[in-house]
Enquirer: 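Okay, handing you the structure first.
For this chain, numbers begin at 1 and follow the sequence in order.
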Amino acid sequence: MTSRLLVDKIEGKSTSSNVIMPTGHVLQVVRASRNSTSHETFSSTSFATSTLTLSITPKASGNKILVQCTIGLGNYGGGSSYAETALYIDGSNVSATNGGSSYFWCGYWDSNATDSGCTGYHEYTTVDTNAHTFALYCKVNSGGNFYLHKGGSHALICTEVQV
């Protein structure tokens, strides 16, 4: 004999946050994207936030948020020695350095027009159920401009997974 369970909605006994999904279950996906006809320009030697910024409110403490970012970048004759990218969570840089003081979380651009990948990943463990802001930050290390390309698809994606 087989059994079937048909439901339209699952609710917790007292609130929906009481529903525990199986480990590995995707609870939510939040995406910020940029499809533009103009470049996003960075000329500061201090990190500045990009348009790839989003907020996610975890369903439970202890879950994982998998962060992915894909960008196209370039330097159009600007003279920048190189540009850096970093992931900021709630206003704090959580990116690892290249062993020195430079950040290349989601790619970089150097004076030889070398584009070293344009995808970044990070795993964040939730510590509460408050909203958290995730953002791609960019900067140049000397004169000139650094650009997130016009056209193409740029995205910052946060996926919450049940642990």
Side-chain angles (χ1 to χ4, degrees), residues 24-163:
H25 184 83
V26 173
L27 299 176
Q28 63 177 317
V29 177
V30 179
R31 183 177 190 268
S33 63
R34 182 177 190 282
N35 292 307
S36 180
T37 57
S38 62
H39 298 298
E40 183 172 359
T41 305
F42 297 90
S43 57
S44 174
T45 57
S46 297
F47 276 114
T49 187
S50 72
T51 54
L52 295 178
T53 300
L54 61 82
S55 179
I56 186 169
T57 303
K59 301 295 184 190
S61 181
N63 285 343
K64 298 288 184 187
I65 295 181
L66 308 177
V67 185
Q68 304 169 52
C69 187
T70 303
I71 59 173
L73 42 100
N75 173 349
Y76 295 100
S80 174
S81 62
Y82 60 92
E84 300 178 28
T85 58
L87 172 64
Y88 276 63
I89 301 175
D90 296 329
S92 295
N93 187 344
V94 298
S95 303
T97 68
N98 65 345
S101 60
S102 299
Y103 295 92
F104 303 127
W105 178 66
C106 191
Y108 72 94
W109 187 270
D110 69 16
S111 59
N112 298 318
T114 302
D115 171 359
S116 179
C118 297
T119 302
Y121 300 95
H122 184 79
E123 184 178 295
Y124 174 76
T125 301
T126 62
V127 295
D128 55 38
T129 56
N130 298 325
H132 295 279
T133 301
F134 294 77
L136 172 69
Y137 276 59
C138 303
K139 74 173 187 172
V140 296
N141 279 16
S142 62
N145 294 323
F146 163 61
Y147 303 93
L148 292 185
H149 286 306
K150 64 181 177 183
S153 179
H154 311 281
L156 178 64
I157 304 166
C158 286
T159 304
E160 183 181 4
V161 177
Q162 178 72 45
V163 174

Enquirer: Looking only at heavy atoms, what is the nearest atom pair of Glu84 and Tyr103, with distance?
Expert: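 Reported closest heavy-atom pair: OE1-N, 2.8 Å.
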Enquirer: Does one side chain, of Lys64 or Thr125, offer a donor that lies under 3.5 Å from an acceptor on the other?
Expert: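 Result is yes, a qualifying pair exists.
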Enquirer: Are any of the side-chain heavy atoms of Val161 and Asn63 separated by less than 4.5 Å?
Expert: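 A side-chain contact under 4.5 Å is absent here.
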Enquirer: Is there side-chain contact between Val29 and Ile157, with at least one heavy-atom pair below 4.5 Å?
Expert: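 Yes, at least one pair of side-chain atoms sits under 4.5 Å.
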Enquirer: What pair of heavy atoms forms the shortest contact from Ser55 to Ala131, and how long is it?
Expert: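 Ser55 and Ala131 have their closest heavy atoms at OG-CB, 3.7 Å.
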Enquirer: Testing the basics here: between Cys158 and Val67, what is the closest heavy-atom pair and its distance to 0.1 Å?
Expert: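 Closest approach of Cys158 to Val67: SG-CG2, 4.0 Å.
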Enquirer: Got a second to check how far His154's NE2 is from Glu40's CD, nearest 0.5 Å?
Expert: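 One finds 8.5 Å between NE2 of His154 and CD of Glu40.
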Enquirer: Please step through salt bridge (charged side-chain N to carboxylate O under 4.0 Å, His left out) for the pair Glu160 and Lys59, ending with a clear verdict.
Expert: CA-CA 8 Å; Glu160 183 181 4; Lys59 301 295 184 190; over 6 Å; no
Enquirer: Please step through side chain to side chain contact (heavy atoms under 4.5 Å, CB included) for the pair Ile71 and Thr85, ending with a clear verdict.
Expert: CA-CA 10 Å; Ile71 59 173; Thr85 58; 4.1 Å; yes
Enquirer: Set out, in order, the CA-CA distance, both residues' side-chain angles and the distance that settles side chain to side chain contact (heavy atoms under 4.5 Å, CB included) for His25 and Leu27, then state yes or no.
Expert: CA-CA 6 Å; His25 184 83; Leu27 299 176; 3.7 Å; yes
Enquirer: Just verifying a value: how many Å separate Gln162 CD and Gln28 CD, rounded to the nearest 0.5 Å?
Expert: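 It comes to 11.5 Å.
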Enquirer: Give, for atom OG1 of Thr159 and atom CG of Leu66, the distance between the pair rounded to the nearest 0.5 Å.
Expert: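 Nearest 0.5 Å value for the OG1-CG distance: 6.0 Å.
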Enquirer: To check you understand the geometry: which heavy-atom pair defines the closest contact between Asn93 and Phe47, and what is its length?
Expert: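 Between these two residues, the closest heavy atoms are ND2-CE1, 3.9 Å.
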Enquirer: Which atom pair, heavy atoms only, marks the closest approach of Pro58 to Ile65?
Expert: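 Of all heavy-atom pairs spanning Pro58 and Ile65, the closest is CG-CD1, 4.3 Å.
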Enquirer: For a side chain to side chain contact (heavy atoms under 4.5 Å, CB included) check, start with the C-alpha distance between Ile56 and Phe134, then their side-chain angles and the critical distance, and finish with the verdict.
Expert: CA-CA 8 Å; Ile56 186 169; Phe134 294 77; 3.4 Å; yes
Enquirer: Output yes when a side-chain donor or acceptor of Thr51 lies under 3.5 Å from a complementary backbone atom of Arg34, and no otherwise.
Expert: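 Not a single qualifying donor-acceptor pair exists.
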Enquirer: When you compare the side chain of His122 with that of Val94, does any pair of heavy atoms fall below 4.5 Å?
Expert: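 Heavy-atom side-chain distance check passes, below 4.5 Å.
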Enquirer: Looking at NZ of Lys139 and OG of Ser46, how far apart are the two atoms once the value is rounded to the nearest 0.5 Å?
Expert: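 Separation between the atoms: 7.0 Å.
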Enquirer: Could you grab the distance from atom OG of Ser50 to atom CG of Leu136, nearest 0.5 Å is fine?
Expert: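 If we round to the nearest 0.5 Å, Ser50:OG and Leu136:CG are 4.0 Å apart.
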Enquirer: Find out whether Leu87 and Cys106 are in side-chain contact, i.e. whether some heavy atom of one side chain is under 4.5 Å from a heavy atom of the other.
Expert: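 Not touching, per the 4.5 Å side-chain cut-off.
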Enquirer: Taking only residues two or more places apart in sequence or in another chain, which ones pass side-chain hydrogen bond (donor to acceptor under 3.5 Å, both in side chains) with His132?
Expert: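 side-chain hydrogen bond (donor to acceptor under 3.5 Å, both in side chains) list for His132, sorted by chain: Asp90, Asp128.
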Enquirer: Would you mind reporting whether Leu156 and Thr53 have side-chain heavy atoms less than 4.5 Å apart?
Expert: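 They are not in contact (no side-chain heavy atoms under 4.5 Å apart), so the answer is no.
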Enquirer: Closest approach of Trp105 and Tyr121, non-hydrogen atoms and distance?
Expert: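 Result for this residue pair: NE1-O, 3.0 Å.
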